[in-house]
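Structure first, commentary second.
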Amino acid sequence: MTEREKMLAGQLFWAGDPELTRLREHARQIVRRFNTQEPENMDLLRGLFGRTGSGFIVRPEFHCDYGCNISVGDHFYANSGCTILDVAPVTIGDSCLMGPNVSLYAVGYPLNAALRAAGPEYGTPITIGNRVCLGGGSIVCPGVTIGDQAVIAAGSVVTKDVPANVVVGGNLARILRELRTEKQYKAVLFDFDYTLGDATEVIVAGFQHAFPIMGHPVPERESIRRMVGYHLLDAYTLLTGDNDPARRMQFQGLFRAVAHPMQVEHTLLFPGTVDLLKALHASGVRLGMVSTKNAGVLEAVLTHYGVRSLFSLIVGGDMVAIPKPDPQGLNDAIAALGVDKADVLYCGDTVLDAEAAQRAGVDFAAVLNGTTTADAFPAFPFVHIAPDLHDLQVWLRL
């Protein structure tokens, strides 16, 4: 057997073999190009990996040994600092998410010190199922299999197999709790901004118009995006430190003067929104919206896209005394629908949404269409983390 054949068979092999040395050097060159090019060229890694599906995103810096032993499914996302030591096959399913600095180590060394000093090593495959979320800084050790829908908390060291539908955490990782699946919800409530829709252009235009008039520096686009989900007045205060009531109301007036005329034309729905809403409605699930956005704006946008009739109710930010994470909006919606809280799912994109669901006592599903990453959600109860609305639809079995 060649050293490469021994490696893939899980036997002790000599990594200094000329063929393996050439393969690693080839991988290093490809990875170096990927890590230094802007914007990132996913085709470089697609050509290096053994298999990649659609929706393939890896953020630099990325590192691997060979690349050719890595296989990933559709809708794969790896944040910066990911390391995959693919001495043995590393197989990753569909809709998997990896936070920053996740490491997968499919390589081991002999326990016998004399043998180890001689230089051989061996590989043991790692298998990760579908819709798995690996929190930032987590480590998966050789030979581990992680089941579908499992969530690995940030900083975990996973040395043993993980069953499906559980949250594990710690060093060494242990099961923290089980996740409920295949539940038939009677009502599904949605946040809007960065959950179903994208009003970035509208929101940025409003902030960048109002701030210089009020004597503030023009805020950067990404700073504004991170405020999406907060009540408008709170977002102003968070960016400026100005908590004066009169100034806050002045900002609101200036913002609305520019933003409101743009709302319908410049607000987009994310891919999969209409399909998901129609599938839920057709299955008899009642739909509601609970958002910090003004109810009139939500009515206009949903009507524009022909989906307003699918919703039983809308609770806008102007209809509650206290914004999220206070649960008033969710509680009002649940009471109006007349359903039990155990039969309700709330879908949102921020920890504000997650905390509101927790305080209201309803299930929560995170949708990663916004600026909040998967790593933020294990601090709150949740039943699913969806990289997009297509994945949420699949998880809901629609």
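Everything numeric in this text was worked out from a predicted model, so none of it was measured.
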Find out if a path of hydrophobic residues (ILVMFWY) with successive side-chain heavy-atom gaps under 4.5 Å connects [X] to [Y].
{"X": "L172", "Y": "V140", "result": "no"}
{"X": "Y66", "Y": "F62", "result": "no"}
{"X": "I128", "Y": "L85", "result": "no"}

Is K293 salt-bridged to D318, cutoff N-O under 4.0 Å?
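No, this pair does not count.
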Holding to salt bridge (Lys or Arg N to Asp or Glu O under 4.0 Å), I want the full list of residues that pass it with D242, two or more places apart in sequence or in another chain.
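With sequence neighbours excluded, D242 shows a salt bridge (Lys or Arg N to Asp or Glu O under 4.0 Å) to R247, given in chain and number order.
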Partners of D86 by salt bridge (Lys or Arg N to Asp or Glu O under 4.0 Å), sequence neighbours excluded?
none
State, yes or no, whether a side-chain contact exists between [X] and [Y] at a heavy-atom distance under 4.5 Å.
{"X": "L48", "Y": "C68", "value": "no"}
{"X": "K324", "Y": "T292", "value": "yes"}
{"X": "M98", "Y": "F76", "value": "yes"}
{"X": "T52", "Y": "M42", "value": "no"}

Using a distance-only test with no angle check, is there a side-chain donor-acceptor pair under 3.5 angstrom linking [X] and [Y]?
{"X": "Q149", "Y": "N165", "value": "yes"}
{"X": "T350", "Y": "D353", "value": "yes"}
{"X": "D391", "Y": "H384", "value": "yes"}
{"X": "T200", "Y": "D198", "value": "yes"}

Sequence neighbours left out, what pairs pass ring pair (Phe, Tyr, Trp, His ring centres under 6.0 Å) with at least one residue falling in residues 215-237?
F211-H216, F211-Y236, H216-Y236, Y236-F251
By the ring pair (Phe, Tyr, Trp, His ring centres under 6.0 Å) test, which pairs, at least two apart or in different chains, include something from residues 261-289?
none
Crowding at NE2, H390 (>12 non-hydrogen neighbours, <6.0 Å)
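Atom NE2 in H390 is not crowded, with 12 or fewer foreign heavy atoms closer than 6.0 Å.
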Salt bridge (charged side-chain N to carboxylate O under 4.0 Å, His left out) partners of [range], not counting sequence neighbours, each pair once:
{"range": "residues 7-24", "answer": "R4-E19"}
{"range": "residues 216-232", "answer": "E201-R221, E222-R225"}
{"range": "residues 143-158", "answer": "none"}
{"range": "residues 40-52", "answer": "E40-R59"}

L298 and M289: CA distance, side-chain angles, deciding distance, side chain to side chain contact (heavy atoms under 4.5 Å, CB included) verdict
CA-CA 9 Å; L298 295 169; M289 183 166 291; 3.6 Å; yes
Specify the closest pair of heavy atoms between V290 and A333, including all atoms of both residues, with the distance to one decimal.
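Minimum heavy-atom separation between V290 and A333: CG2-CB, 3.9 Å.
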Once ring-ring contact (aromatic ring centres under 6.0 Å, His included) is applied, do any residues pair with F190, and if so which ones, sequence neighbours excluded?
none
Residues in side chain to side chain contact (heavy atoms under 4.5 Å, CB included) contact with A153, at least two apart in sequence or another chain
S156
Who passes side chain to side chain contact (heavy atoms under 4.5 Å, CB included) against V166, sequence neighbours left out?
V162, P163, V168, I175, E178
Could you go through the side chain to side chain contact (heavy atoms under 4.5 Å, CB included) check for N69 and V90 one step at a time?
CA-CA 6 Å; N69 298 324; V90 175; over 6 Å; no
With ring centroids as reference points, do Y122 and Y109 lie under 6.0 angstrom apart?
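That pair fails the under 6.0 Å test.
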Less than 6.0 Å separating the ring centroids of F364 and F380?
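Ring centroids of F364 and F380 are no less than 6.0 Å from each other.
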Please assess T195 against D349 for the test side-chain hydrogen bond (donor to acceptor under 3.5 Å, both in side chains), listing each intermediate value before the final yes or no.
CA-CA 5 Å; T195 299; D349 68 288; 3.1 Å; yes
Would you list the atom pairs, donor with acceptor, under 3.5 Å between side chains in residues 300-309 and any protein atom, with sequence neighbours excluded?
{"residue": "T303", "atom": "OG1", "partner": "E299", "partner atom": "O", "Å": "2.7"}
{"residue": "Y305", "atom": "OH", "partner": "T267", "partner atom": "O", "Å": "2.6"}
{"residue": "R308", "atom": "NE", "partner": "E299", "partner atom": "OE1", "Å": "2.6"}
{"residue": "R308", "atom": "NE", "partner": "E299", "partner atom": "OE2", "Å": "3.4"}
{"residue": "R308", "atom": "NH1", "partner": "F311", "partner atom": "O", "Å": "2.9"}
{"residue": "R308", "atom": "NH2", "partner": "E299", "partner atom": "OE2", "Å": "3.3"}

